[in-house]
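In what follows, a structure is listed as structure tokens, so that the remarks can point back to it.
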Amino acid sequence: MTDETTHFGRKQVPIAEKAAKVAGVFHSVANRYDMMNDLMSLGSHRLMKQFTIQMTAARPGHVMMDLAGGTGDLASKLATIVGPTGRVVLCDINYSMLSNGRNRLLDQGIAGNVDFLQANAERLPFADNHFDGITMAFGLRNVTRKDVALADIRRVLKPGGKLVVLEFSQAVNPVVRSAYNAFSRLWPGIGKAITGDRDSYQYLVESIEMHPPQEELKSMFSTAGFVDCTYHNLLNGIAAIHVGNKADPL
């Protein structure tokens, strides 16, 4: 047995317990996840996700994965882009989120080229060099061992493939940072009023605070073996899009 711990929000928990605790959070919020995203981001998450899709350079025939894909915002857009000759895997560790995503895409009539998979980002059940691109929107901060996940994501990307991660980050301007922090402290109360669940939204706020800022996450991409790593700040850095590439063999 190991005594190693990791953060769950601001708390330290045994590393083996974090995944189950995160699963409980998202099971609780799954049914109203999209509505709460609109409220907490004032609708801006939709534009952020559109920018993320553009950064993938996905095109018809590509095989893509939307990892920690939740209710399918990115997967639905990718499915339209890659078309009938391409394929999209909507993957999430949480069954409740994945089920909501599957139902949503089926309702939209765009799931013909989408596969749905419940899996852990640290242990992806795919062969090496499988995907042209992988996206991850607001999911990386919930992964227990980010370094392990990044390495496995790189493994399943094809040479020349691209990882594009949209995640909360740290505002560059201290005034913006202070205002955003004050706004985010309202989220648990909003969550309580709308869903009856304060604790899950308290965790979401704390998970953002604990997530590595831009330069640190860029360094983690490089350590995992990605090349040409960059990031693009959104809303002064409240969120950022990180991009890493898998090098072509010499």
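- Arg141 places no side-chain N or O within 3.5 Å of a backbone atom of His211 that could act as its donor or acceptor partner.
- Side-chain atoms of Asn173 and Tyr180 form no donor-acceptor pair, as typed in the model, at a separation below 3.5 Å.
- No continuous path of ILVMFWY side-chain contacts below 4.5 Å connects Leu98 to Val89, so the two sit in separate hydrophobic clusters.
- Note that NZ of Lys49 and CD of Gln54 are 15.0 Å apart. Values are rounded to the nearest 0.5 Å.
- Looking at Asp92 and Gln118, their side chains never bring a donor and an acceptor atom within 3.5 Å of each other.
- Of all heavy-atom pairs spanning Leu90 and Gly72, the tightest one is CD2-CA, 4.1 Å.
- Linking Ile, Leu, Val, Met, Phe, Trp and Tyr residues whenever their side-chain heavy atoms come within less than 4.5 Å leaves Ile81 and Phe51 in two separate clusters.
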Next on the checklist: Walk me through whether Ser169 and Ile238 qualify under side chain to side chain contact (heavy atoms under 4.5 Å, CB included).
Outcome noted: CA-CA 5 Å; Ser169 201; Ile238 288 173; over 6 Å; no
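- Met65 and Phe116 are members of different hydrophobic clusters when ILVMFWY side chains are connected at heavy-atom separations under 4.5 Å.
- Of the inter-residue distances, the one linking His45 atom NE2 with Leu234 atom CG reads 13.5 Å to the nearest 0.5 angstrom.
- More than 12 heavy atoms of other residues, nucleotides or ligands shown are found within 6.0 angstrom of CZ on Arg87.
- Distance check, rounded to the nearest 0.5 Å: CZ of Arg102 to CG of Leu117 gives 13.0 Å.
- Nearest heavy-atom pair, Asn113 versus Gly83, reported as atom, atom and distance to 0.1 Å: ND2-O, 2.9 Å.
- Note that CG of Leu78 is 5.0 Å distant from CE of Met64, once rounded to the nearest 0.5 Å.
- For the residue pair Asp66 and Thr135, a side-chain donor N or O sits within less than 3.5 Å of a side-chain acceptor on the partner.
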Pairs under 3.5 angstrom only: tabulate donor-acceptor contacts from the side chains of residues 155-165 to other protein residues two or more places apart or in another chain.
unit_1	atom_1	unit_2	atom_2	d
Arg155	NE	Asp152	OD1	2.7
Arg155	NH1	Phe126	O	2.8
Arg155	NH1	Asp128	OD1	2.8
Arg155	NH2	Leu124	O	2.9
Arg155	NH2	Phe126	O	3.2
Arg155	NH2	Asp152	OD1	3.3
Arg155	NH2	Asp152	OD2	3.4
Lys158	NZ	Asp132	OD1	3.4
Lys158	NZ	Asp132	OD2	3.4
Lys162	NZ	Asn245	OD1	3.0

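- At least one donor-acceptor pair closer than 3.5 Å links the side chain of Ser184 to the backbone N or O of Asn181.
- Looking at Leu217 and Pro213, their side chains never come closer than 4.5 Å, going by heavy atoms from C-beta outward.
- Residues Ala224 and Arg154 come closest through the heavy atom pair O-CD, 3.2 Å.
- Between Tyr201 atom OH and Leu186 atom CG the span is 14.5 Å, to the nearest 0.5 Å.
- Legend: residues meeting ring-ring contact (aromatic ring centres under 6.0 Å, His included) with Tyr231, ordered by chain and number and at least two apart, are His242.
- If you chain together hydrophobic residues whose side chains sit under 4.5 Å apart, Leu67 and Leu105 never meet in one group.
- With rounding to the nearest 0.5 angstrom, the CD atom of Glu167 is 7.5 Å from the OG atom of Ser207.
- Put simply, the side chain of Thr56 never gets that close to the backbone of Thr52: no donor and acceptor are under 3.5 Å apart.
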